[in-house]
Amino acid sequence: MKIYKLSIAVLFLSGSVFYAQEKVQDTVKKEKRIEGVVIQGSTNKKTETAVLGEQKRAIIQKQAISAEEISRKGISNVEQGLTKVTGITTVDGRGLFVRGLEERYNYLLINGLGSPSNNPFQKIVALKQFPTDVVGKLNIYKTFNSNLYGDFAGATFDIETLTMDRSFSKVEFSVGVNTLSTFRNNFKVAENADGLKGYLGLNSQDRRLPSEIRDSRPNGYQFTKEQSLNSFKDSWNVDNVKSMPNTSIGFTTAQKLKAGETGNIGILFSLNQSAKYSYRDGENNQFRDNGGVIQLSNLLNKKSYEYETESSALLGLAYKNKGTNVNLNAIYLQNSSNIVEDFVGYKNFSVQDIRFFRTNQQDISRFLDLQLTASQKISERHLFKAGASYVMNNYSQPDRKIFELTAPSDYNNALISYGANSFIRQYLDVDGRFYGSAYGEYSVFIGDKGERKDYPLQLSVGYNGFADVRQNSYRFIFGNPGTGSTSVAINIDQPQGTLNNSISNGSLFYSEGTDKYNYLSNIYQFVNAGYLNFDYKPNDTWDILVGGRIENDMRIIRYNPLGDSQTKNLTPNNYYFLPSVSIKKALNDRSNLRLSASKTITRPILIETMPLQYVNPDNTTIIGNANIKNSENYNIDLKWEYFPSNKEMFAVNLFAKRIDNAIERSFVSTGNASGMDITFFNAKKATLAGVELEGILSLGRISDALSKFTLGANATIMYSDVVRSDDQLKLEKPDENNYKGELRKRGLQGASPYTVNADLKYEYKNSNNLSQTLSLVYNVSGSKIYAVGSAGSDNYFERPYHLLDFVYQNQLTKNWNVKFAVQNILDSKYRVELGDESYYPVQTNNNYAYNSYFNGVSFNFTVGYTF
């Protein structure tokens, strides 16, 4: 008898099962039995449905963005990707806000290992620097579990680098234009910054502190004529160029090789380079008490020109064999921003003295993260996991040049006088001397599975921690008047030749004006924690996770106050017991009820605790508070979620938090020529409560004609209230001679009353199963306090910023794909404004803008080839 073979290919895509049947001859019905069946299966954990299925099964509230979703939405970096998650927003590159909480309440993991910030003004690495080509999945933990670091109030983000499921290589090129910034004539960049050295970020070498003083304590060093001419490698000149389209290019290759009978070796290598021009034109004002009346102390127009380049590289090696997994990663990130800012207007109430001043600076950060992680499964009941990382990390603003003069009628022939801080060079360096992170965990599975999917009890014990050592240096060099005439006419774009002549004839020289004690500070932070987790599943419908974490946070801050030779040592050393419980009840196959409660802490951003005074030319000074305390947070969440299909879900989440010693940014009116200080205080406590609503719906439920459309929408509505600390009461309370009332209640600084994200997708697949997708993505958050006001003024509010993006993607062939995106279609104005409820009368001619500008509409086209 002939043997006929039926091949059945079963493809599992994130819980979706599709059957394709091929009959060699249409004679199967003639046979009494099938003697051979071949079943072929594959699992893709990167699809949107796979991620949704993982979210459904997880015991803690974990959301994720898959590689598939990243691609579909035209997401080019991690920051863009995370803003598509419920309750997460970003505005103007100021980091991520989760549930309306500022970035200081978030924490970052990379492959499960702690990561330091590469910028003292941000809590975590600027996630726009992570290209999505190297990302396998973005995990977002919005409830706490004891194996996460205790620094948790908004969310913990975990970037999983690309897993090597298959071999491929990909080249991608992108070009973009912006309606405000591209093809602009007279776009100003530091001299030669847009050349090859600037493109690679190497021009920072020319801007380093001169060798004569680089390795010595400040002592008022006076540069000789020759040194003033030759020791400064970077010029005061700026080039006027035509701003070109923004570009990026990337190459990624992943290779999977056999190692023995059952082992696999994976190799991942990725390189990415991009360049971007940005232009902004807007207001930059200040409001201060002037004798019981709030008036404009600064009225400035600000034009900003930024040429930004980003470089990234990733090398990954992986070995997998049965229960053994070993991964080695090296991640390099570099960001270089060359910024020229021009200000015109008056400062410090000097209405008749219209000034022009310019800032010419470079912000450059370099970040190298070396990681080794491993896991070993022994039988079915024992699992060991461990990992360690070493990070080399540096941020600097080398040779930040500032000059100021009376606003001229002719900018090619502008009169300036030497002295009175007319020429200043600043050098800020935040040097990560050492950062190391490690974790280790042992898990044992207890009980019998029976017909269950999981063991009834899992016990895990582990450790994680980090050590972070930083040295901070901030120095000043001034242009001083010499002999003879000290007033000269300069071309503001080409002043270097005139300055050289003045140095040669003795009418100008440079000297260091740094305070010899306050210029240097050291910050050491050591976090070590042990934890214990019990995950109990009494049956298939209940999952109970109970954890406890003991975390030691030791911080050492060494610094000298201004003019004080006596070094101060601040050594807060705190132990925290951080319990957590998560309970999930499967109400049926499609819905879950979840309850989570925990205690966590929040550590300040580096700038919030750095003991320095960072001076800006617009009369603002950022002052760190070395005595700032960690916040202690009490969190509770109750969530119901429903999954009508493997591609749809609805959820309602009620949450509440109490934050003791909440950290807040404040504006402090100094009442003198130094203008306004930006500093940080602990509130006594803050209370937050809110609801999150989320849904993913296939519109085919409404009509078959809409079957290719999917709507995703989520919203967070939140209430917050603050009890002020004694320091804040003194700061915010108006002078009793001008105001007799009480302070009004207010919300938490940085907390938004609502956020909304929406995503409408159309997906079509042709006869070759190649897809085209079109997506509209919308995002907005409500007015939130940008900074707490003082001395009779209202608070400063960051107003809603409406973002609407359109993304089209087409997989033309198996190898070629294209993307087209229009970003910021609505071109909303970014605004930070003084509120309209000041305690004193306000006389500003209805001008409440602290900061405002447009960003323009961006058009981006990307083409990729995979082979």
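It should be emphasised that the depicted structure is a prediction, and the values quoted were computed from it without experimental measurement. The chain is numbered in sequence order, starting from 1. Side chains are part of it too, since the values below use all heavy atoms of this structure and drop only hydrogens, waters and symmetry mates.
- In terms of the ring pair (Phe, Tyr, Trp, His ring centres under 6.0 Å) criterion, residue partners of F152 (sequence neighbours excluded) are, by chain and number, F144.
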Could you tabulate the donor-acceptor pairs under 3.5 Å formed by side-chain atoms of residues 856-863, not counting sequence neighbours?
from, atom 1, to, atom 2, distance (Å)
S858, OG, N178, ND2, 3.0
N860, ND2, Q823, OE1, 2.9
T862, OG1, S174, OG, 3.2

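- Annotation: ring pair (Phe, Tyr, Trp, His ring centres under 6.0 Å) contacts of Y307 (sequence neighbours excluded): Y277.
- Both tests do not hold together for R280 against F854: distance to the six-membered ring centre under 6.0 Å, angle to the ring axis within 45°.
- Annotation: salt bridge (Lys or Arg N to Asp or Glu O under 4.0 Å) contacts of D281 (sequence neighbours excluded): none.
- Applying the side chain to side chain donor-acceptor pair (under 3.5 Å) rule to D721 yields no partners; only residues at least two apart in sequence or on another chain are considered.
- In this view, R658 and D660 satisfy the side chain to side chain donor-acceptor pair (under 3.5 Å) rule, not counting sequence neighbours.
- A686 and L748 get closest at one heavy-atom pair: CB-CD1, 3.9 Å.
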request  = Before giving the answer on salt bridge (charged side-chain N to carboxylate O under 4.0 Å, His left out), spell out for R831 and E798 the whole-Å C-alpha distance, their side-chain angles and the decisive distance to 0.1 Å.
outcome  = CA-CA 6 Å; R831 296 172 297 148; E798 189 172 43; over 6 Å; no
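- Among residues two or more places apart in sequence or in another chain, the ring pair (Phe, Tyr, Trp, His ring centres under 6.0 Å) test is passed with Y848 by none.
- Contact check for Q809 versus L774: no side-chain heavy atoms found under the 4.5 Å cut-off.
- Looking at residues two or more places apart in sequence or on another chain, you find no salt bridge (Lys or Arg N to Asp or Glu O under 4.0 Å) involving K584.
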request  = Applying salt bridge (charged side-chain N to carboxylate O under 4.0 Å, His left out), run through E641 and R590 and close with a yes or a no.
outcome  = CA-CA 8 Å; E641 56 189 12; R590 295 188 176 185; over 6 Å; no
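- For E648, the salt bridge (Lys or Arg N to Asp or Glu O under 4.0 Å) criterion is met by R701, not counting sequence neighbours.
- Taking E308 as the reference, K128 meet the salt bridge (Lys or Arg N to Asp or Glu O under 4.0 Å) condition, with sequence neighbours excluded.
- In this structure S698 satisfies the side chain to side chain donor-acceptor pair (under 3.5 Å) test with no other residue, sequence neighbours excluded.
- In this view, K585 and T541 satisfy the side chain to side chain donor-acceptor pair (under 3.5 Å) rule, not counting sequence neighbours.
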